[in-house]
Structures are given as structure tokens and as C-alpha cells.
There are 2 protein chains.
Amino acid sequence: MTTQSQGLHTHVLDTLGLEISSGQCPPGSVLRTDELAQRFDVSRTVVREVVRVLESMHLVESRRRVGVTVRPTETWNVYDPQVIRWRLAGSDRPRQLRSLTVLRSAIEPVAASLAARHATAAQCAELTERALGMVATSRGQQLEGYLEHDIAFHRIVLNASGNEMFARLGDVVAEVLAGRTHHQVMFEDPDPAAVTLHVRLAEAVREGDPEAAERITKEIAVGALHELDVLAP
Amino acid sequence: MTTQSQGLHTHVLDTLGLEISSGQCPPGSVLRTDELAQRFDVSRTVVREVVRVLESMHLVESRRRVGVTVRPTETWNVYDPQVIRWRLAGSDRPRQLRSLTVLRSAIEPVAASLAARHATAAQCAELTERALGMVATSRGQQLEGYLEHDIAFHRIVLNASGNEMFARLGDVVAEVLAGRTHHQVMFEDPDPAAVTLHVRLAEAVREGDPEAAERITKEIAVGALHELDVLAP
DNA sequence: GTGACACATACGTCGTACTTTTTGTTCCCG
DNA sequence: CGGGAACAAAAAGTACGACGTATGTGTCAC
């Protein structure tokens with residue numbers, strides 16, 4: 001699931017990134033390129049490329065004569081979808097999931113409000129379609145199908161906002177929703193109230209009602225936060 | 001200002017990143033590693049490392065037998081501070097500045113509200129100090145000093161929110177404010193109303209009043225957006 | 001104890017050679 | 001004339017070895 005050996009680089013990057021963001025290799029610990037090359041049985045070239053990428057994510061810092069140092073958590077590029085995936089797969093998933101959900105609760109209402117103003121007819125149509133899809137898959141253990149519609153739904157809202165920064169948060173939301181469904185144990189069907197709210201949000205956007213769209217999205221966010229409180233440690 | 005020749009890698013990365021995000025090398029155009037190596041007079045190794053980093057930012061895609069292709073704008077990691085800096089220095093600065101300011105207007109009110117609940121005494125103290133610093137530098141063409149206090153002020157609010165995702169947006173805000181002061185032609189002293197709002201925000205946080213903090217921050221954001229409307233093409 | 005100097009070390013850069021994958025072309029057969 | 005299979009070229013992917021360079025550390029003399 002993690003990597004299908006589509007290149008040495010990817011494998012080493014994924015492994016190292018996961019190890020760092022999951023807490024082994026704590027901040028301050030040093031790695032040596034030669035050792036890494038030995039450990040993964042690859043050339044130093046590959047390791048160096050990986051280190052450079054990790055460096056661009058501010059996960060590590062490479063200095064002469066000292067080695068590759070793991071940087072403190074506060075400097076990491078936590079908006080990088082790759083980093084998010086690593087952290088969500090790692091140990092402090094609950095904390096991460098909460099941070100991301102709070103972020104969503106700040107962004108998505110505003111995005112929905114903008115979407116109600118700017119959404120095209122096509123976007124409204126697909127939004128409604130996805131909402132109906134969520135209704136259709138909301139019962140009977142069709143979690144995967146529901147997840148797909150849910151992700152698509154929120155992505156459309158974010159795209160329809162017309163703001164590029166919001167739109168690019170679609171991947172983050174997708175990671176959160178997928179993480180919630182897969183990692184969190186989710187035996188039961190989704191909350192019927194949440195499904196209804198999505199349908200009503202689609203309506204509000206279609207009718208061009210920014211205030212309603214914002215209010216409904218806030219309700220969805222509150223529900224998501226509450227859900228986390230119930231299930232988290 | 002762009003690069004202090006602290007390594008070949010940095011120089012090539014900065015140059016290429018800027019060229020791509022500024023629109024020359026439009027999406028779809030292909031670059032060859034050998035050509036790049038020739039052009040920058042560096043080894044293929046260096047170019048490959050740069051390409052890998054650019055790839056991790058989703059600015060380019062490297063495929064065998066075809067070369068390094070510039071990816072469409074929608075896929076770029078626009079939350080990477082490096083990318084933001086490049087785009088802000090490039091051609092479509094106005095659009096970018098607007099997107100980022102809208103993002104701020106969504107995030108910062110919520111962050112301020114949380115900060116009013118969670119800020120420590122030390123954070124409150126520094127916040128007040130910075131607000132006073134802004135007052136002190138608000139007249140008489142002390143733009144650089146004002147900018148420094150402004151950045152620090154917003155960074156404290158974001159940090160005090162206690163949410164990691166908000167905190168990490170400090171760099172983004174810093175880039176926006178710096179971009180506004182430096183690139184935008186800013187002859188005049190900052191808006192006195194804005195300065196007052198910052199002082200009042202510091203008070204609201206210190207007094208633990210989330211509603212007021214949120215409301216005041218929204219006003220600051222509205223002012224910033226309005227300022228853009230006045231000065232933008 | 002302090003300062004300067006030398007040394008060891010691990011990253012930084014380079015050049016080359018070889019491998020792998022993709023793509024475009026050619027050529028044969030139906 | 002059309003389609004498919006074999007082939008060839010191109011460009012990235014990987015490996016290896018060498019040397020450059022900065023920099024932490026230890027030593028030595030004062």
C-alpha cells in the first residue's frame with residue numbers, strides 16, 4: 001500500500017519520511033548518507049536526492065562535517081500532502097487529525113460561502129449529484145463508496161470557491177477523510193444528520209445563498225469535531 | 001537578494017523555481033537534464049537533485065525518455081513557502097497576494113479566537129509589546145521597522161492559537177506582509193485604523209475575549225482586502 | 001585557562017559508465 | 001493498404017570513484 005517499488009528513490013524517501021515523522025529518528029538525531037546508502041543498499045546518489053527532498057520539506061538539515069540532522073517538528077512543512085500522509089500513518093494520528101479538522105472548520109465555511117457566489121451550473125449539478133450519492137451510500141456498510149462521494153463533494157466546494165489556496169486544500173481534506181474512514185475504526189454507518197447537512201449545503205450553493213452555505217458548513221465542521229472527541233483518546 | 005551563492009544546488013533551484021512559477025517555462029514545456037547542466041555549468045548530479053526537489057513540490061514531473069515536464073498550475077504545492085516566495089517575486093503577484101489575503105481572512109479570525117482562550121501570559125506580554133512597537137513605527141517612513149513588528153504580531157497570534165496548522169501559517173503571513181511592503185509600492189505610512197485594531201486585538205487576547213478577538217481580526221482582514229482593491233490592477 | 005593551528009570527517013560536486021523504460025519507426029505479414 | 005511486432009534511439013535512473021571544501025574537535029604551546 002505504501003510503495004509499489006516504482007523506483008529506488010521513492011522507496012527510500014517513503015521509508016525515511018515515515019520514520020522521521022513517526023517519531024523514531026527524533027529531532028536532533030543525525031543520519032549519515034553513507035550509512036543510509038548501506039542500509040538501503042543503494043548508491044549515495046539516491047540517498048542524496050532523498051535527503052534534498054526531505055530538506056525541502058524542512059524535515060532535515062544537511063550540514064558539512066556533521067551529517068543529516070532531523071529538524072524540530074515546528075519547522076516541518078505540515079501542509080505538504082506527503083508529510084500529512086506520513087504523519088497520518090504514523091503514531092500521533094489523533095493529534096494530527098484534530099489539527100487538520102480545526103483547520104477545515106476555519107476554511108471550509110468561508111470556501112462554501114464563496115462557492116455559493118461563484119459556482120458554475122456544472123459545479124452545482126455535480127455537487128447535487130455527489131450529495132445524492134452520499135445519501136445512496138449512507139446505509140448498509142458502503143463506507144468506501146460513501147468516502148468517495150464525500151471527498152468529491154468537498155473538493156467541488158473548495159474548487160468552486162474560486163480561490164486557489166482553498167482549492168489546493170482539496171488534497172488535505174481528502175487525506176483527512178480517508179484517514180478517518182480507514183485508520184479510525186468506523187464500524188457504523190455515517191451520521192444521518194451529516195448526510196442531510198451535505199444535501200442542504202448543495203441546495204444552498206445552488207440557490208446562491210452564501211450565509212446559509214457558511215452556516216451549514218460550520219455545522220458540518222462542528223459535527224466532525226464532535227465525532228473526533230467521541231472517538232479519540 | 002535572491003541567492004547568496006551558498007551552494008550550487010540552491011542557486012540552480014532558485015533560478016529554475018522562479019522561472020517556472022513566473023510563467024516562462026509554461027506548463028507542458030519540457031526541460032532536459034543535460035541541457036540544464038550545460039546551461040548552469042554544473043554537473044548532472046546537481047541538476048537531478050534540483051529536479052527531485054521541484055518534483056516534490058509538484059512543479060515538474062520527470063519521465064523517462066521524455067524529460068522533465070512542467071506540470072499545470074493546479075497541481076503545485078502552493079502552501080510551500082518557497083513556492084510562495086517565487087510566485088510573489090514573479091509576474092502574477094497581484095493575483096497571488098489576493099488569494100493569500102483571502103486565506104488569511106479565513107484563518108486568522110479563528111486563530112485569534114483560539115488565541116484569546118489559550119494564550120500564555122508571556123505571549124500576551126509580547127503581543128502587547130509588538131502592538132506598541134507598531135504604534136511607535138507607524139509614522140515617519142519607518143516601514144521596515146513596522147513590518148518587523150507586524151510580522152511578529154501575527155506570528156504570535158497564530159502560535160498562541162495552539163493549533164499546529166495555524167502556527168505553521170506564520171511563514172506564509174510573513175511572506176504576504178513582506179511582499180506587500182516591498183513589492184507593492186508603499187509610499188505612505190500604514191493606515192492608522194489598522195494600527196489601532198492591532199492594539200485592540202492585543203487587548204482582547206489579553207482579556208480572554210474570543211468573540212472580540214475574532215471580530216477585530218475580521219476587521220483587520222477586511223481592511224487588508226480593501227487595501228488590495230485600491231492598489232491592484 | 002586560552003588561543004591558534006592542524007587534522008580528521010562527512011557532505012558537496014564532478015565525470016563517466018551502465019541500465020531501464022518509453023516512444024517512435026520500420027518492416028513484415030495478413 | 002492496414003495493423004501489429006520487432007527494433008533502435010533517447011533520456012532519465014542508478015552506480016561508483018575521486019576530489020574539493022567546510023567545519024567540528026582535539027592538541028599544543030604560551
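Proteins get letters first, then strands, A, B, ... in listed order; numbering begins at 1 in each. Everything quoted here is computed from the prediction, not taken from an experiment.
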Considering only C:dT20, C:dT13, D:dT23, which nucleotide approaches the side chain of A:Arg64 most closely?
->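 Nearest to the side-chain atoms of A:Arg64, counting from C-beta on, is D:dT23.
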Value rounded to 0.5 Å, distance of CD in B:Glu175 from CD1 in B:Ile151 =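 The CD atom of B:Glu175 sits 8.0 Å away from the CD1 atom of B:Ile151.
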Close approaches to DNA chain D from residues 41-61 of chain B, in residue order (heavy atom, under 4.0 Å) = B:Arg44, B:Arg48, B:Arg52
Rounding to a whole Å, what distance do you find between [X]:[atom1] and [N]:[atom2]?
X       : N      : atom1 : atom2 : result
A:Arg32 : C:dG12 : CZ    : C1'   : 17 Å
A:Gln38 : C:dA10 : CD    : C1'   : 14 Å
A:Leu36 : C:dA10 : CG    : P     : 13 Å
A:Leu8  : D:dA12 : CG    : C1'   : 13 Å
B:Asp34 : C:dT16 : CG    : C1'   : 12 Å
B:Arg63 : D:dA12 : CZ    : P     : 12 Å

Comparing A:Arg65 and B:Arg65 on DNA chain C - which has the more 5′ nearest nucleotide | A:Arg65
So, is B:Thr33 near the phosphate of D:dA12, with a side-chain N or O under 4.0 Å from OP1 or OP2?
-> yes
Would you please classify the geometry between the A:His198 ring and the A:Phe153 ring as parallel, tilted or perpendicular, with 30° and 60° separating the classes?
-> perpendicular
Side chain of A:Tyr79, backbone of A:Ile84: donor and acceptor closer than 3.5 Å?
-> no
With A:Phe40, which of A:Val46, A:Leu8, A:Leu16 fulfils side-chain contact (heavy atoms from CB on, under 4.5 Å)?
-> A:Leu16
Could you tell me whether B:Arg52 and B:Glu49 make a salt bridge, using a distance below 4.0 angstrom between a side-chain N and a carboxylate O?
->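 Judged by the 4.0 Å cut-off on N to carboxylate O distance, B:Arg52 and B:Glu49 do not form a salt bridge.
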Any residue meeting side-chain contact (heavy atoms from CB on, under 4.5 Å) with A:Arg206, in chain and number order, not counting sequence neighbours | A:Cys124, A:Thr128, A:Glu203
